[in-house]
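Have a look at the structure below, then the notes.
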Amino acid sequence: RVWCNSYYLGNRPNGYISFTYDITEQFSFDRENIICVCADHRDIADSRWFTGSGITRKVQLIVQEPVHMVPWSMAFETPEVSSQKAAFCASCEIKNDTLEEVQVTAKFRLIKTETTKSNIENCNFATHETPPENSHTSSYTEDRIQAEASVNMRIPAGAACRAKAAGDVLSPVLWSPDSPDLYTLETWICPADSVSGQACRAEAYRVDSRRVGIRSIRFDADTGFYLNDKNMLIKGVCVHHDAGCLGAAVPVPVWERRLKKLKDMGYGTGLYKKSPYVAIKVPVFSFEKLINVDTHLGPEMKSTGEVLGI
């Protein structure tokens with residue numbers, strides 16, 4: 001259960017599922033704000049003791065414009081990929097919290113980032129870029145923009161509409177476990193001029209920034225899985241989100257140590273340090289069944305559960 005300045009906001013029964021609350025009406029701009037979170041474990045009889053119980057997840061205060069992107073609505077697809085050209089499609093929901101219909105241009109930009117092959121070899125995993133405080137400016141030069149796609153739209157007052165645009169990237173850098181190169185996908189909203197209806201570049205503001213990869217995947221009934229037209233095995237590791245005796249609020253250095261050890265064992269070579277970690281549920285084995293497990297793993301890694309990656 002969550003409160004803001006003593007105002008009850010709601011209840012999330014399952015803590016593993018992300019959730020948000022709009023606290024515009026409860027927030028105070030002239031004094032300190034208090035967020036209260038209560039995790040009551042008395043009403044649920046668990047089948048086993050678990051180190052993940054408690055309040056361990058990240059909390060963010062998000063400040064948005066009246067016309068903004070709906071949380072977790074972003075989607076990025078690469079339907080056609082080759083070494084010469086990759087087609088991509090980006091989409092998200094945009095909410096209009098004003099009292100009037102608005103005209104906007106939603107713009108998606110793919111920005112070149114540094115190569116990560118050498119970083120993976122040295123276990124310097126790529127991190128998620130934190131947007132600058134001023135969301136009306138960019139921290140990169142125009143020559144780093146690899147592709148751009150946009151769509152014009154009208155959004156009624158109080159409504160949310162999905163913005164969807166497609167484009168091409170020439171000579172794309174493809175993601176793979178050995179070279180997990182990524183692009184930065186930025187989403188911008190450009191309010192339209194009330195007279196001409198044309199987007200006004202000076203008033204554009206960024207509403208989202210995230211890392212994305214370009215790759216092709218397919219399955220063949222006879223020969224199996226293909227990544228970028230290369231036949232390969234999907235190798236998973238059975239490890240829980242927590243760190244064994246260290247619990248579920250895991251410090252970043254522990255994850256760095258864990259991922260380095262998995263990489264040395266031939267697993268997780270496509271992983272990089274990004275929160276939250278993506279889990280792909282493919283049961284393979286548990287660490288307890290490995291021969292000489294203590295030689296490879298520390299106590300914080302001896303747990304089973306969800307697959308961490310491929």
### Heavy-atom pair with the smallest gap, counting every atom of Val67 and Asn96
CG2-OD1, 3.8 Å
### Query
Do Asp208 and Cys92 have side-chain heavy atoms sitting under 4.5 Å apart?
no
### Query
About how many Å separate CZ of Arg12 and OH of Tyr21, when rounded to the nearest 0.5 Å?
7.0 Å
### Side chain to side chain, Tyr226 and Asp220, heavy atoms closer than 4.5 Å
yes
#### Entry: Under 3.5 Å donor-acceptor, Ser73 side chain and Val70 backbone
yes
### Task
Indicate the atoms forming the closest heavy-atom contact of Ala163 with Val151, along with that distance.
CB-CG1, 3.9 Å
### Message
Measuring from atom NZ of Lys112 to atom CD1 of Ile145, what distance do you get when rounded to the nearest 0.5 angstrom?
### Response
13.5 Å
### Task
Could you tell me whether a side-chain N or O of Asp181 sits under 3.5 Å from a main-chain N or O of Trp175, the two making a donor and an acceptor?
no
#### Entry: Close side-chain approach of Cys89 to Lys164, heavy-atom, < 4.5 Å
yes
### Task
Can you measure from CG (Leu227) to CG (Leu174) and round to the nearest 0.5 angstrom?
8.5 Å
#### Entry: Any donor-acceptor pair under 3.5 Å from Ser82 side chain to Gln84 backbone
yes
### Query
Given side chains that start at C-beta, do those of Leu110 and Val169 come closer than 4.5 Å, heavy atoms only?
yes
### Task
Quick one: do Asp97 and Glu65 satisfy side chain to side chain contact (heavy atoms under 4.5 Å, CB included)? Show the steps, please.
CA-CA 9 Å; Asp97 277 333; Glu65 299 286 344; over 6 Å; no
### Joint hydrophobic cluster, Ile23 plus Phe29, side-chain heavy atoms closer than 4.5 Å
yes
### Message
Using modelled atom types and a 3.5 Å cut-off, is there a donor and acceptor pairing between side-chain atoms of Asp22 and backbone atoms of Thr24?
### Response
yes
### Task
Answer whether the closest heavy-atom distance between the side chains of Pro156 and Cys161 falls below 4.5 Å.
yes
### Summary
Taken to the nearest 0.5 Å, the spacing of Leu170 CG from Lys85 NZ works out to 7.5 Å
### Message
Please check if the number of heavy atoms outside Glu80 that lie under 6.0 Å from its CD is greater than 12.
### Response
no
### Message
Quick one: does any side-chain atom of Asn5 pair with a main-chain N or O of Asn33 as donor and acceptor, under 3.5 Å?
### Response
no
### Task
Would you name the heavy atoms of Glu203 and Pro191 that are closest together and state the gap between them?
O-CD, 3.6 Å
### Message
Is a donor from one side chain sitting under 3.5 angstrom from an acceptor on the other, for Ser28 and Asp30?
### Response
no
### Message
I need the minimum non-hydrogen distance between Met74 and Thr187, along with the two atoms involved.
### Response
CE-OG1, 2.8 Å
#### Entry: Residue pair Trp72, Ser18: steps toward the side chain to side chain contact (heavy atoms under 4.5 Å, CB included) verdict
CA-CA 9 Å; Trp72 309 304; Ser18 300; 3.5 Å; yes
#### Entry: Tyr183 (side chain) donor-acceptor with Val173 (main chain) under 3.5 angstrom
yes
### Task
For Glu100 and Ala157, work out which heavy atoms get closest and say how close.
N-CB, 3.6 Å
### Message
Working to the nearest 0.5 angstrom, can you tell me the gap between Ile34 CD1 and Gln26 CD?
### Response
14.0 Å
### Derivation and outcome, side chain to side chain contact (heavy atoms under 4.5 Å, CB included), residues Ile94 and Met153
CA-CA 10 Å; Ile94 298 179; Met153 54 196 308; 4.1 Å; yes
### Message
Counting neighbours of CZ on Arg154 that are heavy atoms of other residues, nucleotides or ligands and sit closer than 6.0 Å, is the number greater than 12?
### Response
no
### Query
Backbone N or O of Val2 within a donor-acceptor pair of the Asn11 side chain at under 3.5 Å?
no
#### Entry: Rounded distance (nearest 0.5 Å) linking atom CZ of Arg109 with atom OG1 of Thr184
13.0 Å
#### Entry: Nearest heavy-atom neighbours spanning Gly213 and Thr78
O-CG2, 4.3 Å
### Query
With the 4.5 Å side-chain cut-off for hydrophobic clustering, are Ile35 and Phe27 part of the same group?
yes
### Query
Between His68 and Ile62, is a side chain to side chain contact (heavy atoms under 4.5 Å, CB included) present by the stated rule, with each step listed?
CA-CA 11 Å; His68 57 270; Ile62 302 175; over 6 Å; no
